[in-house]
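So you know, we letter chains A, B, ... as the sequences are listed, proteins then strands, and number each from 1. All values below were derived from every heavy atom in this structure, side-chain atoms included, with hydrogens, water molecules and symmetry-related copies excluded.
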Protein chains: 2
Amino acid sequence: MAKQMTEMLKGTLEGIVLAILDESPAYGYEITARLRGKGLSDIVEGTVYALLIRLEKRGQVDVEKVPSEKGPPRKVYTLNAMGRDYLEEFWKSWFFLSERIEALHKNYTNHPEGKSS
Amino acid sequence: MAKQMTEMLKGTLEGIVLAILDESPAYGYEITARLRGKGLSDIVEGTVYALLIRLEKRGQVDVEKVPSEKGPPRKVYTLNAMGRDYLEEFWKSWFFLSERIEALHKNYTNHPEGKSS
DNA sequence: TACCAGTAGTCTGCGATACTATCTACTGGT
DNA sequence: ACCAGTAGATAGTATCGCAGACTACTGGTA
């Protein structure tokens, strides 16, 4: 994917992970897999783990250590009330920005000389 | 605006400014004003200037110094071919991400117990 | 004259974030 | 004994937007 993506994910990836946790609790490795399943295939595991620790420190998720038959124990993350509030704010911010960007794109498509390809 | 916005703007603000320049050439101060007119009222001037210098260094905009009747000369930025290519890539990245986030939001609204308020 | 507001642009330092790369720990298969 | 897969952590790097201060120029006004 383009380098643009890396910067664009800043701020949005957090919301994406919160939304995934809102679907159902999950552990890091699983979240990475779900992200890939949703088309976000270029997100690195290390990034997800760091993000989860951030959420934990902020108290937006509850953590439970669950033994695994394969490999070390899993840390299962569950979205709590604070996390849900934060997620709701995320959606507000995102739709706010999204609308404005969409508006710009309409202008863009309305003057064909702006397109080169 | 929420702190979420600051991070969300990373990567997108650049595309937004490119899109504004694609509408018509402009100088820094004017771009800030246009941003405010489009609802992006919290973007700091210093940020816009830094962004413009970045675009110039990458060769995505052409610059022309134009004397002003009021204050120091203006630096008028015009989107060039490279900039337009970059803008197009921006749109692609943005719609890619946008679609995936939108999909997550649909799941979110489909299980009302996920909403607290 | 001396000061201030408005226009236009620049710069330093900071905090947040995603990526790269590497590491530990555990299991099962060869 | 070794490797692949699962699961998690971390040090270092680069980018980017923001806060805040600064220069430069013009016109008005006390």
Side-chain angles (χ1 to χ4, degrees), chain A residues 1-18 25-36 40-58 60-61 63-77 86 90 93 97, chain B residues 1-18 25-36 40-58 60-61 63-77 86 90 93 97:
Chain A
M1 208 36 38
K3 316 104 223 261
Q4 317 233 34
M5 261 312 229
T6 298
E7 286 305 318
M8 235 178 262
L9 281 172
K10 289 187 183 174
T12 52
L13 183 57
E14 210 173 272
I16 291 170
V17 170
L18 284 170
Y27 53 97
Y29 199 79
E30 187 189 357
I31 290 172
T32 311
R34 280 211 225 163
L35 284 170
R36 296 197 203 293
L40 282 323
S41 36
D42 290 328
I43 280 108
V44 179
E45 283 170 41
T47 300
V48 175
Y49 289 119
L51 195 157
L52 287 170
I53 288 168
R54 226 157 62 216
L55 297 180
E56 188 184 351
K57 272 189 192 151
R58 287 208 212 111
Q60 295 166 344
V61 289
V63 190
E64 199 192 352
K65 220 159 204 161
V66 177
S68 164
E69 337 78 45
K70 268 272 230 173
R74 298 164 174 170
K75 279 176 76 177
V76 176
Y77 293 87
Y86 195 76
F90 166 78
S93 298
L97 189 58
Chain B
M1 212 31 39
K3 314 105 226 262
Q4 316 234 35
M5 259 315 227
T6 298
E7 287 305 318
M8 235 177 262
L9 281 172
K10 288 186 183 177
T12 52
L13 183 58
E14 210 172 273
I16 291 170
V17 170
L18 284 170
Y27 53 98
Y29 200 78
E30 187 190 356
I31 290 171
T32 312
R34 281 210 225 163
L35 284 170
R36 296 199 202 291
L40 283 322
S41 37
D42 289 328
I43 279 109
V44 179
E45 282 170 40
T47 301
V48 175
Y49 289 118
L51 196 157
L52 288 170
I53 287 168
R54 226 155 63 216
L55 297 180
E56 187 183 352
K57 271 188 191 150
R58 289 209 210 110
Q60 294 165 345
V61 288
V63 189
E64 199 191 352
K65 220 157 204 162
V66 177
S68 162
E69 335 77 47
K70 267 271 228 175
R74 297 164 174 170
K75 280 175 76 178
V76 176
Y77 294 85
Y86 195 77
F90 166 78
S93 297
L97 188 58

S.K.: Of A/R54 and A/E69, whose closest DNA chain C nucleotide lies nearer the 5' terminus?
M.R.: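 The answer here is A/R54.
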S.K.: Want to settle it: does A/G46 or A/P73 sit nearer the 5' end of DNA chain C, counting the closest nucleotide to each?
M.R.: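 Per heavy-atom nearest nucleotide, the more 5' residue is A/G46.
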S.K.: For the residue pair A/I31 and A/R34, establish whether any side-chain heavy-atom pair is separated by less than 4.5 Å.
M.R.: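 Result no, sub-4.5 Å side-chain heavy-atom pair not found.
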S.K.: Please report the distance, rounded to the nearest Å, between OH in B/Y49 and C1' in C/dT7.
M.R.: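 Checked: the OH to C1' distance equals 8 Å.
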S.K.: B/Y77 and B/Y27: which non-hydrogen atoms are nearest, and at how many Å?
M.R.: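 Minimum heavy-atom separation between B/Y77 and B/Y27: CD1-CA, 4.4 Å.
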S.K.: What is the nucleic acid contact for B/E30, judged by heavy atoms within less than 4.0 Å: base, sugar-phosphate only, or nothing?
M.R.: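 Answer is nothing: B/E30 stays at 4.0 Å or more from every strand.
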S.K.: Within this structure, what is the NZ-to-P distance between A/K70 and D/dG8, rounded to whole angstrom?
M.R.: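 A/K70 atom NZ is separated from D/dG8 atom P by 14 Å.
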S.K.: With nearest nucleotides of DNA chain D determined for A/E45 and B/L51 from heavy-atom distances, which residue corresponds to the more 5′ nucleotide?
M.R.: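 Taking each residue's closest nucleotide, the earlier one in sequence belongs to A/E45.
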S.K.: With both distances under 3.5 angstrom, what nucleotide forms a Watson-Crick or G-U wobble pair with D/dA9?
M.R.: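 C/dT22 - that is the nucleotide pairing with D/dA9, both distances being under 3.5 Å.
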S.K.: Check every strand shown and say whether B/L52 touches a base, only sugar-phosphate, or nothing at a heavy-atom separation below 4.0 Å.
M.R.: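 Counting heavy atoms under 4.0 Å across all strands, no contact is made by B/L52.
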S.K.: Salt-bridge test for A/R74 and A/E30: reply yes if a basic N is under 4.0 Å from a carboxylate O, no otherwise.
M.R.: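 Looking at A/E30 together with A/R74, the answer is no, because their closest N to O distance does not fall below 4.0 Å.
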S.K.: Contact class for A/V44 vs. all strands (heavy atom < 4.0 Å): base, sugar-phosphate, or nothing?
M.R.: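 Base, at least one base atom sits under 4.0 Å.
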S.K.: Which one, D/dC16, C/dT17, D/dT6, comes nearest to the side chain of B/E7?
M.R.: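 Looking only at heavy atoms from C-beta outward on B/E7, the closest nucleotide is C/dT17.
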S.K.: For A/M8 and D/dT15, what is the distance between atoms CE and C1' respectively, to the nearest whole Å?
M.R.: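 For the pair A/M8 CE and D/dT15 C1', the rounded distance is 14 Å.
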S.K.: Specify the closest pair of heavy atoms between A/S93 and B/Q4, including all atoms of both residues, with the distance to one decimal.
M.R.: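 Distance-wise, the nearest heavy atoms are OG-CB, 3.8 Å.
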S.K.: Please report the distance, rounded to the nearest Å, between CD1 in B/I31 and C1' in C/dA8.
M.R.: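 Atom CD1 in B/I31 sits about 12 Å away from atom C1' in C/dA8.
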S.K.: Using atom CD1 of B/I53 as one end and atom P of C/dC11 as the other, report the distance to the nearest whole Å.
M.R.: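 Atom CD1 in B/I53 sits about 6 Å away from atom P in C/dC11.
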S.K.: Does OP1 or OP2 of C/dT10 have a side-chain N or O of B/K75 closer than 4.0 Å?
M.R.: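 For C/dT10, OP1 or OP2 has a side-chain N or O of B/K75 closer than 4.0 Å.
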S.K.: Looking only at heavy atoms, which two atoms of B/G28 and B/V48 are closest? And how far apart?
M.R.: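 Closest pair (atom of B/G28, atom of B/V48, distance): O-CG1, 4.1 Å.
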S.K.: Nearest whole angstrom, please: distance from the C1' of D/dC25 to the CZ of B/R74.
M.R.: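 So the CZ-C1' distance, B/R74 to D/dC25, works out to 12 Å.
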S.K.: Between C1' on D/dC16 and NZ on A/K10, what's the gap in Å once rounded to a whole number?
M.R.: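 It works out to 6 Å between those atoms.
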S.K.: With a non-hydrogen cut-off below 4.0 angstrom, is A/T47 in contact with a base, only sugar-phosphate, or nothing?
M.R.: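 Base: the residue A/T47, judged by heavy atoms under 4.0 Å, touches a nucleobase.
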S.K.: Do B/L55 and B/L18 have side-chain heavy atoms sitting under 4.5 Å apart?
M.R.: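 The answer is yes; the side chains approach within 4.5 Å.
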S.K.: Does D/dA21 have a Watson-Crick or wobble mate here (both distances under 3.5 Å), and if so which one?
M.R.: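 Per the H-bond distance test, C/dT10.
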S.K.: To the side chain of A/L9, which of D/dG17, C/dG9, C/dC19 is closest?
M.R.: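 Closest nucleotide to the A/L9 side chain: C/dC19.
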S.K.: Rounded to whole Å, please give me the gap between CG in B/L18 and P in D/dC16.
M.R.: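 These atoms are roughly 12 Å apart.
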S.K.: Checking contacts here: which listed nucleotide (D/dC25, C/dA16, D/dA7) is nearest the side-chain heavy atoms of B/P72?
M.R.: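 Nearest to the side chain of B/P72 among the choices is D/dC25.
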